[in-house]
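Just follow the structure's listing: the first ligand is 1, and inside any ligand the first atom is 1.
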Amino acid sequence: MKAGFIGLGAMGAPMARNVAKGHYLASVWNRTEASAITLSQELNVQCAASPALLASHVDVVLICVSADADVLDVVHGILPALRPQTVVIDMSTVSSDTAREAARLVGSKGADFLDAPVTGGVEGAKNGTLAIMVGGKPETLEKVMPVLETMGSRIVHMGDVGTGQAAKAVNQIMAAGINEAVAEALAFGAALGLDMRKVIDVVSGGAAGNWFLEKRGPTMTQGIFKPGFKLALHHKDLKICKGIADKLGLKLPVTEMAVNDYAKLIAEGHGEEDISALYRLKRPSS
Ligand code: NAP
């Protein structure tokens, strides 16, 4: 089975490296060509001249780009070259509606589509330990499982196309609440003049310990907000969640707080920073 990878950003590049380690990667493409050239040389795989050329000679097309319109752009790009039996797997975080539209387009060529968003951060992407939530036909997932296993350690079939993205929306709401709670608690500790390195260490070992505290707590309390996960991308995800909740008549107060906080930070020019830049709004003013 030969795979091609489209979208070599903070997540895509390390994910592609793991697909290469598993000996499945044949080709890469990135909008900004320089990243694709560098990675193709590092991994000794083809640097495709276009998404269509990549799709024309692989069995599995992996996509990891920013947002809904970007995924549909890429899918339209590969469509003319898509062969029946090819499997297109979108690993970006987008809406379930976009997943279903991408599946419809891909299906019009007799090819198969899975939505397979991921969680676990750039660390999980690098270590091949992502959690992957998959929507689509179970037999399609079974076929491409060896490729996904190079990137993830927990791969769960959720249901039809779109259900992977629905599960990811649940994750993103939870991540927003965790960010709000961690940033607020650490700012409180800093205001008390505590040694925050020690606080993070001891709290991480107890009931309030969590991934975000361990991975981002030490940097956020030092005012370092290098992504990681760009704040503008999480803002995009939370707006998707809010749109779903509005349709269902559900209230998401924590999500709304994060959407508003992120909007403030984006307006101040911090959208390209890690989501832990939320600490900027919480930390004691000097
Ligand atoms: P990133 O570093 O900003 O990379 C985005 C990638 O998408 C780049 O390769 C970019 O190409 C490409 N791209 C954007 N628009 C495109 C378009 N219209 N056509 C073709 N390529 C396009 O973002 P990331 O952190 O890797 O995130 C990628 C996806 O994974 C997002 O949906 C995000 O929500 C999700 N995600 C991120 C994390 C995380 O911790 N970072 C965790 C889980 C899921 P250029 O190089 O040309 O800009």
- Query: How long is the gap from CG on Leu53 to CD on Gln46, to the nearest 0.5 Å?
  - Reply: 8.0 Å

- Task: From the options Ile275, Val65, Leu8, select the one whose nearest heavy atom is closest to atom 28 (C) of ligand 1.
- Result: Val65

- Task: Report the member of Glu33, Glu123, Met91, Lys168 with the shortest heavy-atom distance to atom 44 (C) of ligand 1.
- Result: Lys168

- Query: So between Cys64, Gly228, Gly12, Pro14, whose heavy atom ends up nearest atom 6 (C) of ligand 1?
  - Reply: Cys64

- Passes side chain to side chain donor-acceptor pair (under 3.5 Å), Ser92 versus Asp90? Steps please. CA-CA 6 Å; Ser92 326; Asp90 179 35; 2.6 Å; yes

- Item | Test item: Gln165 and Met133 side chains (from C-beta on) under 4.5 Å apart, heavy atoms | no

- Item | For atom 37 (C) of ligand 1, the protein heavy atom that lies nearest, with its residue and separation | Met11 CG, 3.5 Å

- Message: Give the atom numbers and elements of ligand 1 that come within less than 4.0 Å of a heavy atom of Gly121.
- Response: 40 (O)

- Item | Identity and distance of the protein heavy atom lying nearest atom 2 (O) of ligand 1 | Ala10 N, 2.8 Å

- Message: Tell me whether Gly7 has any N or O atom under 3.5 angstrom from an N or O of ligand 1.
- Response: no

- Based purely on interatomic distance, does Ser92 place a nitrogen or oxygen under 3.5 Å from a nitrogen or oxygen of ligand 1? no

- Item | Residue and atom name of the nearest protein heavy atom (relative to atom 47 (O) of ligand 1), distance in Å to one decimal | Thr32 OG1, 2.5 Å

- Message: Counting non-hydrogen protein atoms only, what is the nearest one to atom 48 (O) of ligand 1? Give residue, atom name and distance.
- Response: Arg31 NH2, 2.9 Å

- Note on the structure: for atom 34 (O) of ligand 1, nearest protein heavy atom and its distance come out as Lys236 NZ, 3.1 Å

- Message: If the threshold is 4.0 Å, N to carboxylate O, is there a salt bridge linking Lys251 and Glu256?
- Response: no

- Item | Leu25, Leu54, Val61 screened by side-chain contact (heavy atoms from CB on, under 4.5 Å) with Phe5, the one that passes | Leu25

- Item | N or O pair under 3.5 Å between Val118 and ligand 1 | no

- Does a side-chain heavy-atom distance below 4.5 Å link Thr219 with Lys226? no

- Query: Which one holds for Asn30 and ligand 1: side chain close, backbone close, both close, or neither close, with close meaning a heavy atom under 4.0 Å?
  - Reply: side chain

- Message: Please determine whether a side-chain nitrogen of the Lys or Arg among Glu123 and Arg216 lies less than 4.0 Å from a carboxylate oxygen of the Asp or Glu.
- Response: yes

- Tell me which protein heavy atom sits closest to atom 3 (O) of ligand 1, plus the residue, atom name and distance to 0.1 Å. Lys230 NZ, 2.7 Å

- Message: Geometry only, no angles: is Ser35 polar-contacting ligand 1 at N/O separations under 3.5 Å?
- Response: no

- Note on the structure: Distance col, row Ile89:CD1 vs Cys64:SG, nearest 0.5 angstrom, shows 12.0 Å

- Does the N or O separation between Leu233 and ligand 1 drop below 3.5 Å for any pair? no

- Note on the structure: among protein heavy atoms, the one nearest atom 32 (O) of ligand 1 is Ser66 O, 2.8 Å

- Message: Polar contacts were defined as any N/O atom of the residue lying under 3.5 Å from an N/O atom of the ligand; does this apply to Trp29 and ligand 1?
- Response: no

- Task: Check whether any side-chain N or O of Asp68 sits under 3.5 Å from a backbone N or O of Val94 as a donor-acceptor pair, and report yes or no.
- Result: no

- Any idea which part of His234 is under 4.0 Å from ligand 1, heavy-atom wise: side chain, backbone, both or neither? neither

- Message: Just to confirm my output: which protein heavy-atom neighbour is closest to atom 18 (N) of ligand 1, and how far is it?
- Response: Asp70 OD1, 2.9 Å

- Task: Could you tell me if the ring centre of Tyr262 sits under 6.0 Å from that of His234?
- Result: yes

- Query: For the atom pair NZ (Lys143) and CE (Met1), what is the distance rounded to the nearest 0.5 Å?
  - Reply: 8.5 Å

- Mark up the atoms of ligand 1 that fall under 4.0 Å of a heavy atom belonging to Asp73, in ascending order. 18 (N)

- With side chains defined as the heavy atoms from C-beta onward, is the minimum distance between Ile63 and Asp70 less than 4.5 Å? no

- So, is Thr119 polar-close to ligand 1, with some N/O to N/O distance under 3.5 Å? no

- Message: I'd like to check Leu130 versus Thr119 (side-chain heavy atoms, cut-off strictly below 4.5 Å). Are they in contact?
- Response: no

